Each structure stands twice: as C-alpha cells, then as structure tokens.
Amino acid sequence: MEKLIVEIKKEITEAFVKAGYDEKFGMVSVSNRPDLCQYQCNGAMAAAKQYKKAPIMIANEVVALLENSETFEKIEAIAPGFINITLKGEFIANYVSDMAMSPKYGVEEAKNPKTIIIDYGGPNIAKPLHVGHLRSAIIGESIKRFGKYMGHKVIGDAHLGDWGLQMGLIITECKKRNPDWVYFDDNYEGEYPKEAPFTMSELEEIYPYANAYSKEHPEYREEAQNATFLLQNGKRGYYALWEHILNVSVNDLKKNYTKLNVEFDLWKKESDAQPYIKDMVQGMKDGGYAYISEGALVVDVKEDTDKKEIPPCMILKSDGATLYNTTDLATIVERMKLFKPDAITYVVDKRQELYFEQVFRCAKKTKLVGDDTKLTFLGFGTMNGKDGKPFKTREGGVMRLETLIKNITDAVYDKVSDRDISEDEAREIARKVGVAALKYGDLSNQASKDYIFDIERFSSFEGNTGPYILYTIVRIKSILAKYTEKNGAPDADAKMLAPVKKSETDLMLALAKFNDMMENAFEENAPHKVCQYIYELSNAFAGFYHENKIIAEEDKARQSSWISLITLTKNVLETCVDLLGMEAPERM
RNA sequence: ACACCUGUAGCUCAGUGGAUAGAGCAAUGGCCUCCGGAGCCAUGUGCGGCGGUUCGAUUCCGCUCAGGUGUACCA
C-alpha cells in the first residue's frame with residue numbers, strides 16, 4: 001500500500017505544479033501542532049525565495065486549488081506560510097480498513113529482495129554468555145527480523161569464537177588433569193568416544209583457571225600455544241577434544257539464546273574461515289596490496305579525506321601468525337563464496353569501530369567484495385549500571401547473562417505470583433514479560449548510545465516499558481474474547497466507519513503510520529523507532545478505550561467498526577512486538 | 001597529542017531548519033461503580049557555553065567547556 005503521507009504529498013505536489021511552482025516544494029510532514037492540524041506542508045516558505053513572493057501568497061494559491069478535494073476535510077494557509085491539513089474521517093477510515101486487509105498491514109515488501117548477512121552474537125565457546133553479549137544478541141535479532149519482514153533474505157550468523165589460544169589452554173589443562181585420556185594417547189588410532197568427557201559447568205571452570213595459571217607460568221603458556229598450533233594443524237586427539245568443547249558449548253549457547261528468543265540461521269565459527277586464509281593472503285600479495293612493515297604483513301587503508309592517521313590493516317603478525325583481522329577478512333571471503341550477500345551488517349560494540357573501518361576498507365581495496373556489497377558497522381554502546389559505569393555484579397565481576405535474565409524474570413514473577421493462576425502459568429508469564437522488559441529497556445534507546453540498566457524501571461507495568469506494551473495487547477485480547485463470547489466471531493471484513501471522536505481519529509492516524517515507520521526503522525537499523533511507535537500506538541489505544549464503551553455499544557455497525565479497529569491495533573502491536581523479539585502472553 | 005561519540009526537565013530518554021521542544025518516572029492537585037485502575041486529566045522546570053550561516057537554528061558550521069571511547073602485532 002502507498003503510504004498515507006505519500007498520498008497526501010501527491011495531491012499537494014500536483015497543486016504546487018498547477019500553480020506554477022516546482023514539485024519539490026510539495027513536501028508534507030506530520031504536523032508538529034496536532035492542535036491545529038494532522039499534516040502540514042512547509043513548501044510555500046521554502047519556495048518564497050526562489051519565486052520572490054511572499055510565502056503566504058504561494059500558500060493561498062495552492063490551498064485555493066485544493067479546497068474541493070475528496071481527501072481533505074480542511075486545508076488552510078496560515079501566516080507566515082504554513083499549509084495546514086486535516087483529513088476527511090472517511091478517507092482515514094478507508095485507508096485503515098484497507099490496511100487491515102493488507103497482508104502486512106500496509107507494508108510493501110522489497111521489490112528487489114537483497115541477501116543480507118547479520119553478524120551478531122559472537123560468543124566464545126567454553127565461556128558462558130555474559131551481559132556483554134546481550135546487546136549484540138537483542139539488537140541483531142531485531143534488525144534481522146526487520147529485514148525479513150521487509151521481504152529480504154536475511155541470514156543471522158552467530159559467528160562463534162572457537163579458534164584461539166583459549167582452545168589450547170583448555171586442552172592443556174585437561175591433559176594436566178587427565179593425562180590418561182585417550183585423546184592424549186598419540187598411538188591411539190581408533191574411534192574417539194561420542195560422549196564429551198566434561199560438562200558445560202566443568203568447562204566454565206577450566207577455562208578461567210587455565211587462563212589465570214598461564215599468566216603466572218610461562219612454560220604452561222608455551223605448552224598451550226603449542227597445543228593451539230597442533231590443534232590448528234589437525235592433531236587427531238586434540239581435534240576430537242575440540243569438537244566436544246564445541247558441541248557442549250553450542251548446546252548451552254542455544255539454550256541461553258532461546259531464552260531470549262534469539263535464533264541464528266547459521267552457527268558458523270572462526271575456524272570455518274581458516275581454509276580461506278592461505279589463498280586470500282596470497283591474493284593480497286599478488287595484487288600488490290600487502291607489504292611488510294615492521295615485520296608484519298599489512299595493507300594500507302589510508303584515504304586522502306582522513307582527518308587522522310588510520311593505521312594499516314594487519315594481515316599477518318611479524319611471527320607469521322594470523323590474527324583477528326585475518327579471520328574476519330577470510331570470513332568475508334567465505335560469505336561471499338557461500339551466499340553472495342548484497343550486504344553484511346556487523347552488530348558489535350562501538351569501540352571496535354576503527355578496527356572494522358580498517359577491515360572494511362581492506363576488503364574493498366583488495367577486492368574481496370565489490371562496490372555493490374555494503375559493509376555496515378552497527379556499533380552499540382555500553383550497558384551501564386545506575387552509577388553510570390559499566391554494569392557489574394555487586395561484587396564487581398561480570399554478570400552472567402543467565403543471572404541477569406533470572407533477576408528480571410524473578411522481579412516480574414513477584415508481581416504476578418499473587419494472581420489467581422497456576423504456578424506454571426505465572427512462571428511462563430514472568431518469562432515472557434521479563435524478556436520483554438529486558439529487551440524493551442535496551443531497544444528503546446538508540447543503539448549507538450550507552451544506556452543505564454534499571455531493573456525496577458524496565459520491569460514496571462507503567463510508563464514506557466515492555467510490560468506496558470504487552471499489557472495493552474493482553475487487554476485488547478480480553479475485550480475481543482468478551483465480544484466473541486456474546487456475539488460470536490467478529491466479521492473479518494467489516495469496514496471501519498469514519499471516526500466520530502478525536503480519540504478514534506487519533507488511533508486510526510497512529511495505525512496509518514505503521515508502514516512509513518517500519519520502512520524507516522528498517523533503513524536506519526533503528527529498533528528504538530519501533531518502540532517509540534508502539535508506545536504511541538498503545539497510548540492512542542488507551543485514550544480510545546477510555547472514551548468508548550465497546551462491549552456496551554448499542555449501534556451494531558459502530559460496534560463492529562470498533563472491533564475491526566482494535567483488532568487491527570492488536571495485530572499491529574503484536575507484529576511490532578515480534579519484530580523486537582518479544583512475545584505477549586494470553587493473560588498477565 | 002590527535003580523532004570520534006555524547007551533552008535536551010530533578011532522574012531516564014525521544015525529537016526537529018520553521019508556529020507553543022516532547023514522553024515516562026518522581027512531585028503536586030483533581031476525576032471516574034473501571035469492556036482488566038497496571039486508568040484518565042491538570043500543574044512546574046530544560047536544548048552545556050560563545051560566535052557564524054539563514055527570513056527563521058535546539059537542529060547545520062566553527063570555537064570552547066564537560067564526560068566517554070579509540071589510536072598496528074588483543075579480540
């Protein structure tokens with residue numbers, strides 16, 4: 001469906017052209033003075049200079065051409081040159097009725113669907129998820145859902161960290177503790193056991209211990225480095241052990257991501273990119289891009305327009321070893337080969353911006369990707385505690401994601417546990433509402449900014465919070481159930497009547513903005529715009545609800561129109577909530 | 001040292017080259033036998049500072065102050 005604002009714009013533009021002005025002045029925006037009008041056009045003021053004419057005269061000419069329009073209830077020129085627009089109720093109602101019939105509530109799917117890879121998550125295996133992984137997961141998941149909704153082919157990749165010294169450390173520690181394991185018998189040639197010799201919680205203890213120990217004991221560290229080397233060169237026993245670590249970790253990660261409604265289409269990992277490194281490096285050398293500087297192999301990525309020195313992108317360390325850059329670039333090679341994406345978006349901590357700028361430039365310069373592939377860095381800010389400093393546990397440590405989720409779920413559970421519902425249902429409600437509280441608290445801020453995590457505020461059922469949005473949905477469901485109980489299922493095709501009261505008009509206008517908002521939120525990778533929208537929509541509903549008694553309404557046609565209206569409201573809210581990666585319970 | 005980001009109400013955050021800069025929380029006062037009160041209405045305070053561009057700047061530009069972050073062999 002054409003966006004409402006575009007339909008208005010068309011008509012205004014036509015009038016501008018008819019009156020002899022350039023079409024670019026037919027600009028229309030949502031009114032910033034809702035007490036005066038619904039939409040406005042400021043084009044007359046912009047045109048005044050070019051045509052050397054008072055803006056109000058231009059506005060008057062344009063308005064004169066539109067006075068008998070089918071669309072406008074009222075259109076008037078106001079000093080110094082504003083054109084204020086109020087739409088006919090019938091026009092609005094028709095638009096919203098069409099919207100209800102449209103498969104995506106007025107949103108048009110992309111005509112040329114793109115393949116977009118979203119790189120988010122990025123957890124290390126053998127280490128539990130902590131709060132540092134939260135934003136990437138939440139924001140990335142939402143962005144991914146936006147893209148899919150807009151009709152693109154979007155691939156979410158967890159991009160696991162599975163290939164560094166951490167693996168060597170774990171192997172070394174296992175060997176120290178269990179030298180008799182078959183994985184360490186160099187003469188063993190049979191099959192290795194299918195069952196992992198450790199559990200996730202054991203792994204979680206092994207890694208930090210080995211890491212700390214290696215810092216004190218150089219010979220241990222050396223052994224771990226050697227183990228890493230052997231693993232990367234395919235030593236059978238180590239490789240088998242690594243597979244166990246991977247499997248145990250991935251199972252645990254999936255469990256935790258599922259709790260957050262985060263799902264990846266792909267579980268690729270750094271090790272998958274390794275086979276591409278050799279050819280890539282050779283290509284960079286052959287192409288004349290890479291050269292030795294201070295012993296390391298680098299590619300210059302400076303540009304004339306840079307205001308500061310941008311260090312070259314390092315491909316190989318001076319000892320010849322690969323590093324993060326190498327893997328990230330090789331991952332790009334792999335992705336281009338497997339998926340030929342039109343865009344790759346990285347949802348990463350904003351502190352890595354310079355680093356990714358180097359990687360992107362290097363990838364473009366060395367032709368790993370063409371100019372038609374868009375590489376985007378979507379950096380997010382830090383989650384801070386109430387003191388404004390990075391969020392920590394009371395003891396000052398890093399909080400595990402599981403603990404964080406549990407805390408907020410418990411906070412919600414305390415509020416619903418006294419309801420007349422079963423323990424199981426209360427738990428389930430607490431889970432859904434808790435996740436919504438957590439996510440909405442995060443997503444309602446601009447991703448690039450730091451924000452303050454406040455469990456009290458986020459889990460409140462009042463104000464601009466996730467629970468409030470869910471509550472609105474639940475309430476509408478309750479009204480619809482009550483209506484159905486009395487009157488049977490509502491007529492799905494019922495057209496909406498022109499609104500009578502302002503609160504009804506406001507609700508319709510809020511609904512009509514959905515497609516415009518959604519397109520914008522997708523293009524700008526801005527989940528907070530969806531949050532803002534559903535909050536406004538919920539408030540518009542609250543106003544409408546307060547003024548009209550839907551169940552008690554005696555005019556059946558009116559009542560039926562209202563049922564259609566609130567059904568659409570519910571559907572749009574549920575769609576948005578889903579796009580944010582949240583879900584509404586049946587009751588709460 | 002250089003670069004980037006941020007600075008909007010007591011607090012947490014939106015927003016905009018145009019008419020009176022908005023929400024929530026907190027505070028104060030009020031309303032309603034409410035289809036779920038987890039409601040509705042009202043009141044008060046603000047664009048860090050100084051210049052510039054513009055008919056018009058909180059928005060764009062420059063300087064300045066404050067906070068944060070980053071500057072090749074970590075990821």
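Convention: sequence-line order gives letters A, B, ...; per-chain numbering from 1. Keep in mind that this is a model prediction, so the values were computed, not measured.
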Hey, does the side chain of [X] come within less than 4.0 Å of [N]'s phosphate (OP1/OP2), counting only N and O?
{"X": "Lys386(A)", "N": "U12(B)", "answer": "no"}
{"X": "His546(A)", "N": "C41(B)", "answer": "no"}
{"X": "Lys449(A)", "N": "A14(B)", "answer": "yes"}

Please pick, from [options], the nucleotide with the shortest atom-to-atom distance to any side-chain atom of [X].
{"X": "Lys549(A)", "options": "C34(B), C5(B), G24(B)", "value": "C34(B)"}
{"X": "Lys317(A)", "options": "A19(B), C73(B), U12(B)", "value": "C73(B)"}
{"X": "Asn84(A)", "options": "A19(B), A75(B), U69(B)", "value": "A19(B)"}
{"X": "Arg351(A)", "options": "U69(B), C13(B), A14(B)", "value": "U69(B)"}
{"X": "Pro311(A)", "options": "A14(B), U71(B), U12(B)", "value": "U71(B)"}

What do the steps show when you test Tyr120(A) against Phe380(A) for ring pair (Phe, Tyr, Trp, His ring centres under 6.0 Å), and what is the final call? CA-CA 11 Å; Tyr120(A) 65 109; Phe380(A) 53 82; over 10 Å; no

Below 3.5 Å between N/O atoms, which protein atoms pair up with nucleotides 53-62 of chain B? Just atom names and distances, please.
residue : atom : partner  : partner atom : Å
C55(B)  : OP1  : Lys49(A) : NZ           : 3.2

For [N], does the base pair up with any side-chain atom of [X] as donor and acceptor (N or O, under 3.5 Å, distance only)?
{"X": "Glu536(A)", "N": "A23(B)", "value": "no"}
{"X": "Ser444(A)", "N": "A14(B)", "value": "no"}
{"X": "Gln358(A)", "N": "A72(B)", "value": "no"}

If we require ring centres under 5.5 Å and near-parallel planes under 30°, does Tyr324(A) stack on C74(B)?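 So no, this residue does not stack on that base, at least one cut-off failing.
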
